[in-house]
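As structure tokens, the structure follows; a few thoughts come after it.
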Amino acid sequence: RAVIGQRRSTADEGISSLLSLPLSPLSVSLLRMGGVSEGDDVLARWSDGLLYLGNVKRVSAFKQCCLVRFEDNSEFWVLRKDIHSCKKNSLSPSPVSYHPECHTPTIEPEADSDSWICRQCVFAVATKRGGALKRGRFARLMQFMKLRLPYQLSSLDWDPQHLTNQQQCYCYCAGPGEWNLKMLQCGSCGQWFHEACTQCLTKPLLYGDRFYQFQCSVCTKGPETIQRLPMTWMDLAHLVLYHLSLCCKRKYFDFDHEILSFTNENWESLLLGALGEKRERHAGNRHTFVSGKEIKKKKCLFGLQVRAPPPLTSDSSPLITDPPISITHRRRSE
């Protein structure tokens, strides 16, 4: 399984070159949707919504995916729809041509071809860890692009809990995703959106944090809306332990030096508001938490009985205990 939250550095080299180019006809485009062959340098969209530099090692036309080797020498199968050809160090990037009616949103006939920028390039430049750009030309372009999805939401095949779909198509970018890894679910349409593609967050998300009431730009027909949902002390402890377990790849953490320390350091980022009574801290903890004393370890250590995000009170069914695995996270098998 891929390293969560510590993926290789984003394609800053490729993206920064986009920003350094003059905004002539599609001159920001280092991406194209043409054919991909073995040995090609590409930008592959990961489940966090960001693009990463890699090299194509194998192509499977039958499965519509490619085996990509990334800069840290890890190799993963990535769906063809999430791979874009990249011309590195090119002084004259190859422009992409679109039929006006095929681009989303549709290109208006009066659009200035000398300054028009395609959706793919807008998202490549504007998406960031912690949330997309909120100001500037690319931020405004992104907001306009986000009013329509580049796919039919009704055509996606969802699991019973509406957490994953077979097409691995999420967000405004149509890229892959994992609902428990820094994604927000729209309360109106039910689709999941990457933290990196949203423009409404004031603080970065924690892994498994679903305590938000969020509406996407498609549903609001304008800017996204977001509101923090109330949490109890048990919700907070569960969320912090889940986040730490994914970041550190450990099950048990010292209560004072790790759990409380992390909570205090990130108190403002957690946007907690009013928490429940302190007596709720230990309510139901035997079903949720396990202490070191119970497993003959130090009594100051605590972990989760089952590594799963904290549930919302509105959930009608329990969450699955194992995080979803997409094709982008499957290692090559011989």
Side-chain angles (χ1 to χ4, degrees), residues 2-12 15 43-52 82 119-120 122-136 138-139 142-143 145-146 149-150 162-165 168-220 223-229 231 235-236 239-240 242-247 262 266 268-272 308-310 312 319 323-324 326 328-329:
V3 175
I4 299 174
Q6 296 179 351
R7 284 289 295 153
R8 59 204 63 78
S9 61
T10 56
D12 289 336
I15 302 306
L43 291 174
R45 191 176 298 280
W46 197 250
S47 58
D48 58 7
L50 299 172
L51 292 165
Y52 297 87
D82 300 315
R119 183 188 188 99
Q120 182 60 46
V122 168
F123 274 74
V125 174
T127 53
K128 307 288 181 183
R129 285 194 179 95
L133 296 177
K134 295 180 176 64
R135 296 182 180 84
F138 280 94
M142 187 178 189
Q143 178 59 64
M145 301 286 182
K146 285 161 61 172
L149 299 176
H162 208 83
L163 301 176
T164 64
N165 61 66
Q168 273 295 296
C169 184
Y170 305 94
C171 194
Y172 308 106
C173 63
E178 296 192 35
W179 62 272
N180 59 326
L181 303 184
K182 299 198 174 189
M183 296 189 78
L184 291 168
Q185 186 178 31
C186 178
S188 297
C189 66
Q191 179 59 294
W192 291 86
F193 295 84
H194 301 115
E195 171 197 67
C197 296
T198 59
Q199 296 171 290
C200 59
L201 290 169
T202 58
K203 302 290 183 180
L205 293 175
L206 267 64
Y207 294 121
D209 191 350
R210 305 170 65 212
F211 292 88
Y212 286 95
Q213 184 176 329
F214 169 77
Q215 280 194 308
C216 68
S217 290
V218 179
C219 293
T220 64
E224 301 150 337
T225 63
I226 192 166
Q227 182 178 355
R228 189 60 149 149
L229 296 176
M231 297 172 64
D235 293 331
L236 174 59
L239 178 61
V240 169
Y242 182 75
H243 179 84
L244 290 175
S245 69
L246 292 189
C247 290
F262 178 88
N266 295 274
E268 292 186 4
S269 297
L270 288 168
L271 302 171
L272 294 172
L312 298 177
L319 290 175
S326 67
T328 56
H329 281 211

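Position 1 is the first residue of the sequence, and the numbers go up from there.
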Looking at C171 and L149, what are the two nearest heavy atoms and their distance?
O-CD2, 3.8 Å
Hey, are R210 and D235 close enough for a salt bridge, meaning a charged N less than 4.0 Å from a carboxylate O?
no
Are any non-hydrogen side-chain atoms of W192 and T164 less than 4.5 angstrom apart?
no
Is the F193-Y172 ring centre distance short of 6.0 angstrom?
yes
What heavy-atom pair brings C197 and G49 nearest, and what distance separates the two atoms?
SG-O, 4.4 Å
Once you round to the nearest 0.5 Å, how far does NZ of K203 lie from CG of L201?
11.5 Å
I'd like to check R228 versus D209 (side-chain heavy atoms, cut-off strictly below 4.5 Å). Are they in contact?
yes
Restricting to non-hydrogen atoms, name the atom on P176 and the atom on H194 that form the minimum distance, rounded to 0.1 Å.
O-NE2, 2.6 Å
Heavy-atom distance under 4.5 Å between the side chains of M231 and L239, does that happen here?
yes
What is the distance from atom CD of E178 to atom CG of L163, rounded to the nearest 0.5 Å?
11.5 Å
Side-chain donor-acceptor pair present, Q215, S188, cut-off under 3.5 Å
yes
Considering all heavy atoms, the nearest A126-F138 contact
CB-O, 4.3 Å
How long is the straight-line distance from OH of Y52 back to CG of L43, given to the nearest 0.5 Å?
12.0 Å
Interatomic distance, CD@Q120 vs CZ@R45, rounded to 0.5 Å, equals 5.0 Å
Does some side-chain heavy atom of Q191 sit less than 4.5 Å from a side-chain heavy atom of C216?
no
Heavy-atom distance under 4.5 Å between the side chains of E195 and D48, does that happen here?
no
Between Y207 and N180, is any pair of side-chain heavy atoms under 4.5 Å apart?
no
Any D82 side-chain heavy atom under 4.5 Å of W46 side chain
no
Interatomic distance, Q143 atom CD to L133 atom CG [nearest 0.5 angstrom]:
12.5 Å
On a heavy-atom basis, which atom in F214 and which in C200 lie closest, and how many Å separate them?
CE1-SG, 3.7 Å
Could you walk me through whether T127 and L51 pass the side-chain contact (heavy atoms from CB on, under 4.5 Å) test, one step at a time?
CA-CA 9 Å; T127 53; L51 292 165; over 6 Å; no
Main chain of A139, side chain of Q199: is a donor-acceptor contact present, judged purely on distance under 3.5 Å?
yes
Nearest heavy-atom approach of F211 to P310 is CE1-CG, 3.7 Å
M142 and F123, any side-chain heavy atoms less than 4.5 Å apart:
yes
Between CD on residue Q185 and NE2 on residue H162, distance to nearest 0.5 Å:
6.0 Å
Main-chain N/O of P204 paired to K182 side chain as donor or acceptor, under 3.5 Å:
no
